[in-house]
Amino acid sequence: MANSQLLLSFAAAVPAALLSGVLTWAIRPLLLRIALAKPNARSSHRVPTPQGGGIAVIAATLIAAAAVIAFAGAVEMRIPVAVFGATLFVAAIGFADDVKSIPVVPRLLLQGAAVAAVILAAPENLRIVSACPFWLERGLLLLAGLWFVNLVNFMDGLDLMTVAEIVPVTGALVLLGWLAELPAPATVVAAALFGAMLGFAPFNRPVAKIFLGDVGSLPIGLLIGWCLLQLAWHQHITAALLLPLYYLADATVTLFRRMARREPFWAAHRTHFYQRATDNGFSVSRVVSEVFALNVMLAALAIGSAMTPLTAIKSLLFIAGAIATALLMYRFSRGQSSFG
């Protein structure tokens, strides 16, 4: 089974990388005309840059994953149609928002409907905490899924930032699939997204020639959330929390801080820790490199937590990841001068 997952992962990742790169190059001239992100007071870029590169990433991910799963032909390899449908639906919402801004409430309602479709399609016997009432667990998963859909979007504010997050996370998910700790469908999707992000990376490195846009960040959040949910449903809850821990911590702490200050938390801003880092003297490359290094560490801790049956070890690994994440956020908030 491990060997077959290995072959299927390569079969998904390599074509996804090639297709993503070709599509990104091909659609950039069109996006220059219809989806140009102009700099403003909250932006990290200084030159008008096309957004919408996520079209290439999502198209490459879904095409590669669907082709591999169709080729495999096994019943256990099927991905719920709701996952693909919801991904396309959320991508369409994102593209509409990239071209002309959609009000917050309708946008959240549409995203919530997509997340609900994915959760409702899941078998009832898949549970994270069996002692928790079914309706309560699924309700919490709906809220968590909606948060994940927006999480990547909130954190996609620097060149190569989302690549630095998604590549380690999906790489770890693929490794867990090879170790038979993640179902095959989720492994193939993770491998395809891994490849698609690598294909997009050369166009998004500083100074970026194109951005993901909401058409990319929102469905990426949905797909990552679904893969992590599969991990949690297979009782690797610690791993599912460790993998996205930096994005979760930065976005969630920032949200609560803005709410405590009675700021319009739904509006664009520059108060995420990674944004404060650039304001405090860190270069974009430095911020992205440090986030990438942290995510590689979190990926290693997550894999370790999935491989041990001991709750005490899982707890220690999570604490180590939380401390490393907190330290990086502290560094970003204080600036380089505080650390020599």
Side-chain angles (χ1 to χ4, degrees), residues 1-17 61 64-69 71-80 83 122-123 125-130 148 163-198 220 223-248 292-322 324-325:
M1 183 64 178
N3 288 337
S4 65
Q5 288 219 40
L6 175 63
L7 292 173
L8 291 172
S9 297
F10 275 113
V14 175
T61 299
V68 167
I69 289 165
F71 175 79
V75 173
E76 65 271 13
M77 285 296 297
R78 290 179 183 171
I79 294 176
V83 175
N125 63 331
L126 288 178
R127 301 294 306 276
I128 297 176
V129 181
S130 57
F148 254 97
V163 175
E165 171 72 14
I166 300 303
V167 167
V169 171
T170 52
L173 288 169
V174 171
L175 287 173
L176 288 168
W178 294 352
L179 295 168
E181 302 297 337
L182 184 69
T187 304
V188 170
V189 169
L193 184 54
F194 175 87
M197 291 304 294
L198 288 181
I220 286 173
L223 288 174
I224 286 294
W226 178 72
C227 289
L228 293 173
L229 181 57
Q230 299 301 307
L231 201 58
W233 270 333
H234 286 74
Q235 299 307 303
H236 295 309
I237 302 170
T238 304
L241 290 173
L242 275 168
L243 285 174
L245 189 57
Y246 175 70
Y247 263 32
L248 278 173
F292 179 78
L294 173 64
N295 282 324
V296 170
M297 174 188 171
L298 292 174
L301 294 174
I303 292 170
S305 73
M307 299 309 296
T308 179
L310 301 176
T311 302
I313 301 298
K314 292 179 186 288
S315 299
L316 289 174
L317 292 173
F318 182 80
I319 290 170
T325 300

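Below, each value reflects all heavy atoms present in this structure, side chains not excepted, and no hydrogens, waters or symmetry copies. Here the structure is a predicted model, which is why all the values come from computation and not from measurement.
Between Thr308 and Lys314, the closest side-chain pair of non-hydrogen atoms falls below 4.5 Å. Counting heavy atoms from C-beta outward, Pro244 and Glu165 have side chains that approach closer than 4.5 Å. Counting heavy atoms from C-beta outward, Leu229 and Ile128 have side chains that approach closer than 4.5 Å.
Counting only distance, with no hydrogens or angles, the side chain of Glu181 and the backbone of Leu173 share no donor-acceptor pair below 3.5 Å.
In terms of heavy atoms, Ala299 sits closest to Ala172 at CB-CB, 3.7 Å. The two residues Pro168 and Val296 come nearest to each other via the heavy atoms CB-N, 4.2 Å. The two residues Ala239 and Ala306 have their closest heavy-atom pair at CB-CB, 4.4 Å. When all heavy atoms of Trp233 and Leu126 are compared, the closest pair comes out as NE1-O, 3.2 Å.
With rounding to the nearest 0.5 angstrom, the OG atom of Ser305 is 8.0 Å from the CG atom of Leu231. Going from atom CD of Gln230 over to atom NE2 of His236 covers 12.0 Å, rounded to the nearest 0.5 Å. The CD1 atom of Ile237 sits 12.0 Å away from the CG atom of Leu242 when rounded to the nearest 0.5 Å. In this structure, CD1 on Ile224 lies 5.0 Å from CG on Leu193, to the nearest 0.5 angstrom. Considering CG of Leu317 and CG of Leu310, their distance stands at 10.5 Å, rounded to 0.5 Å. One distance of note links CG of Leu301 with CD1 of Ile319; it measures 11.5 Å at 0.5 Å rounding.
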task: Begin with the C-alpha distance, continue with both residues' side-chain angles, and end with the deciding distance and a verdict on side chain to side chain contact (heavy atoms under 4.5 Å, CB included) for Asn295 and Ile166.
output: CA-CA 9 Å; Asn295 282 324; Ile166 300 303; over 6 Å; no
message: Walk me through whether Leu223 and Val83 qualify under side chain to side chain contact (heavy atoms under 4.5 Å, CB included).
response: CA-CA 8 Å; Leu223 288 174; Val83 175; 4.1 Å; yes
message: What verdict does the side chain to side chain contact (heavy atoms under 4.5 Å, CB included) test give for Leu298 and Leu243, after you've listed the backbone C-alpha separation in whole Å, the side-chain angles of each residue and the deciding distance to 0.1 Å?
response: CA-CA 6 Å; Leu298 292 174; Leu243 285 174; 5.8 Å; no
- prompt: Under the side chain to side chain contact (heavy atoms under 4.5 Å, CB included) criterion, do Trp226 and Val189 qualify, and how do the steps go?
  reply: CA-CA 10 Å; Trp226 178 72; Val189 169; 3.9 Å; yes
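By the side-chain hydrogen bond (donor to acceptor under 3.5 Å, both in side chains) test, Thr187 is found to be paired with Gln5, residues two or more places apart in sequence or in another chain being considered. Partners of Ser9 under the side-chain hydrogen bond (donor to acceptor under 3.5 Å, both in side chains) rule, at least two apart in sequence or in another chain, are Trp178. Take Ala64 and apply the side-chain contact (heavy atoms from CB on, under 4.5 Å) test, not counting sequence neighbours, and it matches Ala16, Ala192.
Tested against Met197, the residues Val163, Val169, Thr61, Thr170 include a single side-chain contact (heavy atoms from CB on, under 4.5 Å) partner, Val163.
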